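Side-chain atoms are counted along with the backbone in the values below, which use heavy atoms only and exclude waters and symmetry mates. Predicted, not measured: the structure shown is a model, and the values here were computed from it. Below, chain A is the first sequence line, B the second, and so on; all start at residue 1.
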Amino acid sequence: MIKLDNLHKYYGTGAQRLHVLNGIDLHIREGELVSIMGSSGSGKSTLLNILGLLDQYDEGRYALAGQPMERLSEKQAAQYRNRMIGFVFQSFNLLPFKNALENVSLPLYYQGMSRKARSEQARHYLEQVGLADRMTHMPNELSGGQKQRVAIARALVTQPKVILADEPTGALDSVTTGEVMELLHRIHGEGNTLVIVTHEPEIAAQTQRQITLKDGRIVATPDGIAPSATEEPA
Amino acid sequence: MIDGLQEILYTMRRNKLRTGLTAFGVFWGIFMLVLLLGAGRGMQNGMERRFMNDMSDTIWVHAGKTSIPYQGLGTERQITLTQEDMRAIEQLPGVRFLSSETPLGAFRQASANIVVGDRSGSFGVIGVADEYFDIKANIDFPGGRKLHLLDAEEQRKVAVIGTTVQQALFPPGISPLGQDIRINRVTFTVVGVFYDSGREGRMSERIYLPRSAFGQTFGGGERVSVIALRPEPSVDSYALEERVKELLQRRHQVAPEDRQAIRLHNMARQAEHFNQVFAGLNAFLWFVGLGTLTAGIVGVSNIMIITVKERTREIGVRKALGARPAGIVGGLLMESVLITGIAGYTGLVLGVGLLELVSYGLNALNLQLDFFAQPEVDFQLALTALALLVGVGALAGLAPALKAAAISPVEAMRAD
Ligand SMILES: Nc1ncnc2c1ncn2[C@@H]1O[C@H](COP(=O)(O)OP(=O)(O)OP(=O)(O)O)[C@@H](O)[C@H]1O
Ligand SMILES: [Mg+2]
């Protein structure tokens, strides 16, 4: 599903240049649940943003679902982000002036789907994350866990190829963290591919494979590939 | 499209106060522009009504005393215009209408005693030649008719009287039409009532008689005191004025450089003067109005910059969810255009409405202000201004919108 070859990423220029990702090789198969660990500043978010086409890389290759993600125009990138990738952020990133249902519908709006169809689909996913009774609530009327569940519903609503989560439980207490992780597991169970960036070893332990970054390199990739995961055609 | 609009309305509703203030800036700009132009037009109309009732291409010819000796003739010789002069002018190419005035009495200001029943008054009585009301084509006839050719041919003893004369001689509610009036004891029948706003309405203190009946009744012979003519539409009125002057100077043996003996007064010159003054006034009003408008547009531009800054994070999130740059630019532009368009149109409609109201009020109250009449604005022109404004509004939003669309989603989402 995701294939990285010798990926490099720099920030800044000249003497100030920071080598944030230093030759990443990574292969994530369809249906995998992978966690990325590493100390602060090790490049986890940078890597995830590149995977999500939110950021650009400087060298190497990136293929998503068999398609090379090279020299994308802004428009193409937007289209791929919309159809192939679902994002879950630490800070939720819900639009504050839209209610839960409207927030979840938004990616479908960018697909040009009719209002009625969007609402229907968004409703379905909100039910899936257990927020059937919170559809018309505004984000500031929701708890942190509820907000994150809205964000997860929003990531799922376009049925993307991969779901990328950057510290999805980073802003949550332990109880809600448990709930959110349970939800992510269920989503994985339904056959989705998930990549989760986390600080917490307990969370990483719940994933099939842990990737640890240090100074822009992958230091340990114990072979934790689930037996059920299928090899995708290159 | 509807969805897009809804998205924009969402964001505008979020910032009601700011949207409102921005809209007000544009509204005020257009509103003031319309009012200023309307007021300028009103002043122009007022002045025109006051001074320009005679068609603006009329040439008036007066005669005086010679001031320069010429061909053995001395100065201080009184020149008298005659019917012969009229016939000679008629032969000139380019004359469209030709007429003359001959007042009753020796002087132009002379007046005659008018009696109707037991009322009487003293008013100027003037015999006018055939095409007089083609020259004074602009005066109002609130009642009855103008004098026409048949009146002259049949030597009818008919008269048209000014509104002031009517008010003095006829009780209110009684129509003067068909009534007899006695002018120096000779009976004439009133066939029309006119209102001439010239000389602040004093031109309405006159009584006009057909030249033929006037001559038959009061004499005066060949003498006319004023000749008036209008050129054919294609003819240069200054050139015609020159030809008439030369003709009359030759006929009366007046030195070409004598400015006293034969005096021509070309209304085109006056009209030109007026037009210059009002062109200047209009330019000034446009300048002020556009200044106000520019302030409004700068306001829109500023607001768009602030909006984009404030919404950077939101734009980042939208991009992460698959919004295209074109969509983001389009949305921000639409917002800008919508604000300027709606506010501008409101200003336009209210401005025009207010002008109409003032105009209606002046008419309803029958107020005749000396320097103000019928304020109005060319709606077409105002619409053009509005279209321009919306275009500029779009431009004002364009730069910040392009900038917003160019920020990478990661950068944008990092913003607070
Ligand atoms: N826009 C940027 N400009 C310059 N340097 C940056 C930029 N973004 C990130 N960096 C640097 O790149 C490195 C990796 O950042 P990144 O956010 O990927 O770390 P991280 O592993 O996610 O850390 P954390 O666990 O604290 O979230 C850091 O040293 C950071 O300072
Ligand atoms: Mg991070």
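Comparing A:Arg154, A:Gln76, A:Gln56 by how many heavy-atom pairs each has under 4.5 Å with chain B, the most go to A:Arg154. Your options are B:Pro325, B:Ala326, B:Gly322, and the one with the most heavy-atom pairs under 4.5 Å with chain A is B:Gly322. Annotation: maximal heavy-atom pairing with chain A below 4.5 Å, among B:Gly327, B:Ala406, B:Ala320, B:Gly316, occurs at B:Ala320. No other option in A:Thr46, A:Asp55, A:Leu95 has as many heavy-atom pairs under 4.5 Å with chain B as A:Leu95. Ranked by heavy-atom pairs under 4.5 Å with chain A, the first of B:Glu314, B:Lys319, B:Glu411, B:Arg318 is B:Arg318.
With 3.5 Å as the limit, one finds a donor-acceptor pair spanning the side chains of A:Asn93 and B:Arg313.
In this structure, B:Ala323 and A:Ala78 approach most closely via the heavy-atom pair O-CB, 3.5 Å. Across every non-hydrogen atom of B:Leu321 and A:Asn82, the tightest pair is O-ND2, 2.7 Å.
Counting non-hydrogen atoms of neighbouring residues, nucleotides and ligands closer than 6.0 angstrom, the CZ atom of A:Arg61 reaches no more than 12 such neighbours. More than 12 heavy atoms of other residues, nucleotides or ligands shown are found within 6.0 angstrom of OH on A:Tyr11. Residue-environment remark: CH2 (B:Trp28) stays at or below the threshold of 12 foreign heavy atoms within 6.0 Å. Other residues, nucleotides and ligands contribute more than 12 heavy atoms inside 6.0 Å of the NZ atom of A:Lys44. The 12-atom threshold is exceeded at NE2 of A:His124, counting heavy atoms of other residues, nucleotides or ligands nearer than 6.0 Å. Under a cut-off of 6.0 angstrom, the local environment of NZ in B:Lys403 is sparse, with at most 12 non-hydrogen atoms contributed by other residues, nucleotides or ligands. Other residues, nucleotides and ligands contribute more than 12 heavy atoms inside 6.0 Å of the CD atom of A:Gln79. For A:Gln16, the CD atom sits in a loose shell: 12 or fewer heavy atoms of surrounding residues, nucleotides or ligands are nearer than 6.0 Å.
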Check the pair B:Met413, A:Leu54 against side-chain contact (heavy atoms from CB on, under 4.5 Å), reporting the backbone distance first and the verdict last.
-> CA-CA 10 Å; B:Met413 279 189 291; A:Leu54 295 180; 3.8 Å; yes
Stepwise side-chain contact (heavy atoms from CB on, under 4.5 Å) check, B:Arg324 with A:Glu74 = CA-CA 7 Å; B:Arg324 294 173 200 179; A:Glu74 276 284 341; over 6 Å; no
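Rounded to the nearest 0.5 angstrom, B:Arg311 CZ and A:Phe97 CZ are separated by 6.5 Å. One distance of note links CG of A:Leu53 with OG of B:Ser408; it measures 12.0 Å at 0.5 Å rounding.
Only the side chain of A:Leu106 comes within less than 4.5 Å of a heavy atom of chain B; its backbone N, CA, C and O stay farther away. Within the 4.5 angstrom heavy-atom criterion, only side-chain atoms of A:Phe87, from C-beta onward, approach chain B. Neither the backbone nor the side chain of A:Arg83 comes within contact range of chain B; no heavy atoms are under 4.5 Å apart. Using a 4.5 Å cut-off between heavy atoms, B:Val410 touches chain A through backbone and side chain atoms alike. Interface residue A:Phe89: only side-chain heavy atoms are found under 4.5 Å from chain B. Interface remark: A:Gln111 contributes no atoms to any contact with chain B (heavy atom separation under 4.5 Å).
In this structure the side chain of B:Pro409 reaches within 4.5 angstrom of the side chain of A:Arg81, judged on heavy atoms.
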